[in-house]
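As structure tokens, the structure follows; a few thoughts come after it.
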Amino acid sequence: MFQNLTIFKSAMAMARHAGVKQAAVAQNIANADTPGYRARRVVDFAELMRGTDGFCTQRATRARHLHGREGPAGVDLRNDRSLSEPNGNSVSLETEMVEAVAAKRQSDRALAIYRSGLTILRASIGRS
């Protein structure tokens, strides 16, 4: 009964994804004044979870790994922003602030799911 608790795996994956998203936002903000820098985007968690088995599909972690796509899991290195800031980079601090708040909310949601799952698990075995 308790061998395959996918709710905890999903909550952990969501928390890790939120961490990757926050790291990408921090890197973008740190390079806001770097001429020519292209902001990095993280693939949405829902899109990342749309795999054949319901869990994360494989992502490349280094150059020429998995069809030449590189970067940490979930980080989109295609730099799809076409608008540039005055210094020639694509970092918008307003967008990065919105993304940081979204990452925080995702992290909080993952922790709430994890806590709720623990509460249900404890209630089911008689330890409340």
Side-chain angles (χ1 to χ4, degrees):
M1 176 173 157
F2 299 118
Q3 292 87 318
N4 191 9
L5 300 173
T6 57
I7 186 95
F8 294 113
K9 290 179 185 176
S10 297
M12 185 172 64
M14 182 182 277
R16 283 186 181 161
H17 182 268
V20 169
K21 188 173 188 173
Q22 187 65 39
V25 168
Q27 185 175 12
N28 290 342
I29 291 172
N31 288 294
D33 289 335
T34 304
Y37 179 79
R38 295 287 170 223
R40 294 183 177 195
R41 291 288 126 224
V42 176
V43 178
D44 289 333
F45 183 69
E47 183 181 334
L48 189 65
M49 292 299 285
R50 283 189 206 116
T52 56
D53 60 354
F55 282 94
C56 299
T57 55
Q58 293 182 350
R59 301 282 181 192
T61 57
R62 59 189 176 277
R64 293 180 296 190
H65 181 226
L66 293 177
H67 311 294
R69 190 169 181 199
E70 61 180 294
V75 177
D76 184 3
L77 298 179
R78 290 176 286 171
N79 301 321
D80 56 353
R81 290 191 186 170
S82 58
L83 298 175
S84 292
E85 295 297 313
N87 61 358
N89 69 26
S90 65
V91 177
S92 167
L93 291 179
E94 293 83 5
T95 302
E96 299 307 322
M97 287 173 31
V98 170
E99 291 290 326
V101 170
K104 169 75 166 100
R105 291 180 67 203
Q106 181 179 338
S107 177
D108 290 345
R109 187 177 316 122
L111 291 175
I113 291 169
Y114 189 80
R115 284 186 198 121
S116 178
L118 280 179
T119 301
I120 292 170
L121 185 61
R122 286 183 184 133
S124 69
I125 61 173
R127 292 182 172 177
S128 41

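We use all heavy atoms of the structure for the numbers below, so side chains are in, but hydrogens, waters and symmetry mates are not.
Of all heavy-atom pairs between Y37 and N89, the closest is O-CB, 2.8 Å. The nearest pair of heavy atoms linking V42 to V20 is CG2-O, 4.1 Å. What you find for S107 and A18 is that their closest heavy atoms are N-CB, 3.8 Å.
F8 is connected to I113 through a chain of hydrophobic side-chain contacts under 4.5 Å among Ile, Leu, Val, Met, Phe, Trp and Tyr, so both are in one cluster. Under the 4.5 Å side-chain contact rule for hydrophobic residues, I7 and L118 share a cluster.
At least one side-chain heavy atom of I29 sits less than 4.5 Å from a side-chain heavy atom of L93. By the 4.5 Å heavy-atom criterion applied to side chains, L121 and L5 are counted as neighbours.
Legend: residues meeting side chain to side chain contact (heavy atoms under 4.5 Å, CB included) with A15, ordered by chain and number and at least two apart, are A110.
Judged by distance alone, the side chain of Q22 and the main-chain N or O of K104 form no donor-acceptor pair under 3.5 Å. Using a distance-only test at 3.5 Å, with no hydrogens or angles considered, a donor-acceptor pair links the side chain of H17 to the main chain of V43. Side-chain N or O atoms of S116 include none that pairs as donor or acceptor with a backbone N or O of A112 at under 3.5 Å. No donor-acceptor pair closer than 3.5 Å links the side chain of N28 to the backbone N or O of A39.
Remark: I120 CD1 to R115 CZ distance equals 14.5 Å, nearest 0.5 Å. We find the CD-OG1 distance between Q27 and T34 to be 9.5 Å, quoted to the nearest 0.5 Å.
Checked for salt-bridge contact, E96 and K21 miss the test: no charged N lies under 4.0 Å from a carboxylate O.
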